[in-house]
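Let me begin by presenting the structure, written as structure tokens, before commenting on it.
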Amino acid sequence: MGLLVQLTAVIFILLLVSTHNPAAGIGHDPLLVLDGYEDGGIRLKCFSERLFSEVQVLWTDGRGDNITGTPLTTGTTTANTSSSIILKPGSGNSVSCKIIDKLLKTSTESSVVIADVFFPATSPWLAAFVVILLLSIFLVIAAIYKLRQNSKTTTREKNAQKEIEKEIDQLNNKLAEERDHFQMGKIFFFSTLHLVPHAIRCFFVENQDILSKIEKVQNELDFRRAHRNAVDITLDENYKHPSLIIKGKNRVKSSTQEEILPKAVVVATEGFSEKKHYWEVEVGDKSEWELGVVCEEIRNALRSNTINIFLKGNLLSLRFSQGEYSLTGGKGVRNCKPCSVVGVFLDQEDYKLSFFDVEEKCLLKSLVFEFSGNLYPFFSPGSDGKWLGVRPLYTESTLPSL
């Protein structure tokens with residue numbers, strides 16, 4: 001309101017200074033009125049005591065160019081003359097309203113000059129504030145979303161850990177029951193030796209079944225204990241053989257079906273020098289693959305592309321080829337059928353690397369090592385052209401079909 005009063009005062013002062021009558025005529029000079037802000041500019045109105053039928057209204061800018069005005073009263077020739085325009089920033093600050101007598105060929109004119117400061121304008125600070133505000137809202141929403149996702153992940157991981165602990169307790173109880181049953185069988189055997197050979201035959205038949213159950217429960221118990229140390233593994237593009245293709249940081253395959261020497265491998269981003277860690281790998285129906293851990297020396301050699309051979313003492317692995325398993329050094333693994341998901345358990349406390357058949361929840365084989373330092377998971381997909389994938393843990397979904 002104060003700005004409007006100031007603007008009105010300025011305009012009336014300017015009117016007193018700029019109103020002039022270049023030619024004598026009948027009637028008063030036209031009256032210019034500031035009507036207010038409209039459509040990004042200032043609306044000006046021009047009034048005269050003369051009738052529409054007697055005079056013509058002409059608007060001009062500071063350069064003398066004509067401006068089209070809008071009559072305020074239409075449909076009658078007996079009304080007083082009135083017209084309006086909207087003066088916008090950049091169109092010139094000076095404007096004149098001229099009343100021309102059609103009969104006497106005379107005119108009266110009033111002019112006004114409006115400073116730029118009175119025009120409505122969007123402050124650059126306001127635009128910057130809006131941008132910052134929108135950006136802040138976006139960041140807050142993103143942060144809330146991230147926190148909720150992290151909370152869901154943490155809850156899911158805790159629930160998975162609780163479920164594993166529950167299964168371990170159940171397996172411990174089951175193992176204790178089977179062992180008690182076995183002990184009772186031995187007691188029965190020694191108390192019925194006088195019934196030989198019938199007692200001996202019954203003892204071995206019954207207890208062979210009990211021993212198989214104990215072994216199965218023990219294997220599943222070992223698997224569950226390993227699984228509760230689960231970690232997520234990602235493949236590192238910077239530490240891979242040039243012939244390998246990585247997709248989504250968790251899938252790898254060879255770009256050629258020719259045998260590559262030395263073996264084409266990719267090493268994980270994560271390295272472990274202490275505690276226990278477990279991860280799973282989907283090998284599907286691949287005809288060949290190799291999994292395990294390597295030392296930091298081999299990992300760095302991959303990055304510099306200077307590796308020629310793998311040092312046997314710094315690599316631990318399980319290899320599958322031509323339907324058979326073999327450990328580091330070529331030692332075979334007996335009585336193990338092909339599996340589609342392999343669990344790898346690195347125990348830096350007992351210096352042991354174990355491999356599990358995840359679907360059967362049983363141990364394939366373990367390796368004992370003596371060297372220390374950071375050990376990195378490595379993956380060799382072979383040359384059959386099929387994907388090998390690191391399975392993300394703590395999620396119900398598995399990788400796409402291999």
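Nothing here was measured: the structure is a model prediction, and the numbers come from that model. Residue numbers start at 1 and run along the sequence shown.
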*Check whether more than 12 heavy atoms from other residues, nucleotides or ligands sit under 6.0 Å from atom CD of Gln322, and answer yes or no.*
no
With a 4.5 Å limit on heavy-atom distance, are the side chains of [X] and [Y] in contact?
X: Ser136; Y: Leu139; result: no
X: Asn300; Y: Ile298; result: no
X: Leu235; Y: Val266; result: yes
X: Leu353; Y: Phe355; result: yes
X: Val281; Y: Arg391; result: no
X: Tyr376; Y: Glu296; result: yes
X: Asp61; Y: Val95; result: no
X: Val57; Y: Cys97; result: yes

Residues [X], [Y]: salt bridge by 4.0 Å N-O rule:
X: Glu220; Y: Lys361; result: no
X: Asp236; Y: Lys249; result: no
X: Lys276; Y: Asp350; result: no
X: Asp384; Y: Lys286; result: yes

Between [X] and [Y], is any side-chain donor less than 3.5 angstrom from a side-chain acceptor?
X: Ser326; Y: Arg319; value: no
X: Tyr278; Y: Glu280; value: yes
X: Glu282; Y: Ser340; value: no
X: Trp59; Y: Ser96; value: no
X: Thr234; Y: Glu270; value: yes

*Return the orientation label for the Phe345 and Phe356 ring planes: parallel under 30°, perpendicular over 60°, tilted otherwise.*
tilted
_Mutual orientation of the aromatic rings belonging to Phe320 and Trp289 [parallel < 30°, tilted 30-60°, perpendicular > 60°]_ = parallel
So, [X] side chain and [Y] main chain: donor-acceptor pair closer than 3.5 Å or not?
X: Lys240; Y: Leu244; result: yes
X: Ser255; Y: Ser243; result: yes
X: Gln348; Y: Phe272; result: yes
X: Ser82; Y: Phe47; result: no
X: Ser110; Y: Leu32; result: no
X: Ser354; Y: Ser366; result: no

If I compare all heavy atoms of [X] with all of [Y], which pair ends up nearest, and what's the gap?
X: Val358; Y: Val342; result: CG2-C, 3.8 Å
X: Ala268; Y: Phe379; result: CB-CE1, 4.3 Å
X: Val341; Y: Val283; result: N-CG2, 4.3 Å
X: Ser380; Y: Val265; result: CB-CG1, 3.8 Å
X: Val294; Y: Phe378; result: CG1-CD2, 3.4 Å
X: Trp387; Y: Ile245; result: CZ3-O, 3.7 Å

Calculate, to the nearest 0.5 Å, the distance between atoms [atom1] and [atom2] belonging to [X] and [Y] respectively.
X: Asp357; Y: Phe223; atom1: CG; atom2: CZ; value: 9.0 Å
X: Lys98; Y: Ser48; atom1: NZ; atom2: OG; value: 14.0 Å
X: Thr70; Y: Arg43; atom1: OG1; atom2: CZ; value: 6.5 Å
X: Glu290; Y: Ser317; atom1: CD; atom2: OG; value: 3.5 Å
X: Asp347; Y: Lys275; atom1: CG; atom2: NZ; value: 13.0 Å
X: Ser84; Y: Leu44; atom1: OG; atom2: CG; value: 9.0 Å

_Test side-chain contact (heavy atoms from CB on, under 4.5 Å) on Leu291 and Leu318; report intermediate values, then the result._
CA-CA 5 Å; Leu291 311 171; Leu318 174 69; 5.5 Å; no
*Could you go step by step and tell me if Val131 and Leu133 meet the side-chain contact (heavy atoms from CB on, under 4.5 Å) rule?*
CA-CA 5 Å; Val131 172; Leu133 178 62; over 6 Å; no
_Arg63/Asp65 under salt bridge (charged side-chain N to carboxylate O under 4.0 Å, His left out): CA gap, chis, key distance, verdict_ = CA-CA 6 Å; Arg63 296 185 297 271; Asp65 297 329; 3.6 Å; yes
*Go through the structure and list residues passing salt bridge (charged side-chain N to carboxylate O under 4.0 Å, His left out) with Glu360, not counting sequence neighbours.*
Lys337
*asked:* Assess the residue pair Gln56 and Asp101 against the criterion (side-chain contact (heavy atoms from CB on, under 4.5 Å)); give the C-alpha distance rounded to whole Å, side-chain angles, the decisive distance to 0.1 Å, and a yes or no.
replied: CA-CA 7 Å; Gln56 176 185 0; Asp101 191 309; over 6 Å; no
_side-chain contact (heavy atoms from CB on, under 4.5 Å), that's the test. Do Val390 and Arg251 meet it? Break it down for me._
CA-CA 6 Å; Val390 183; Arg251 303 177 72 193; over 6 Å; no
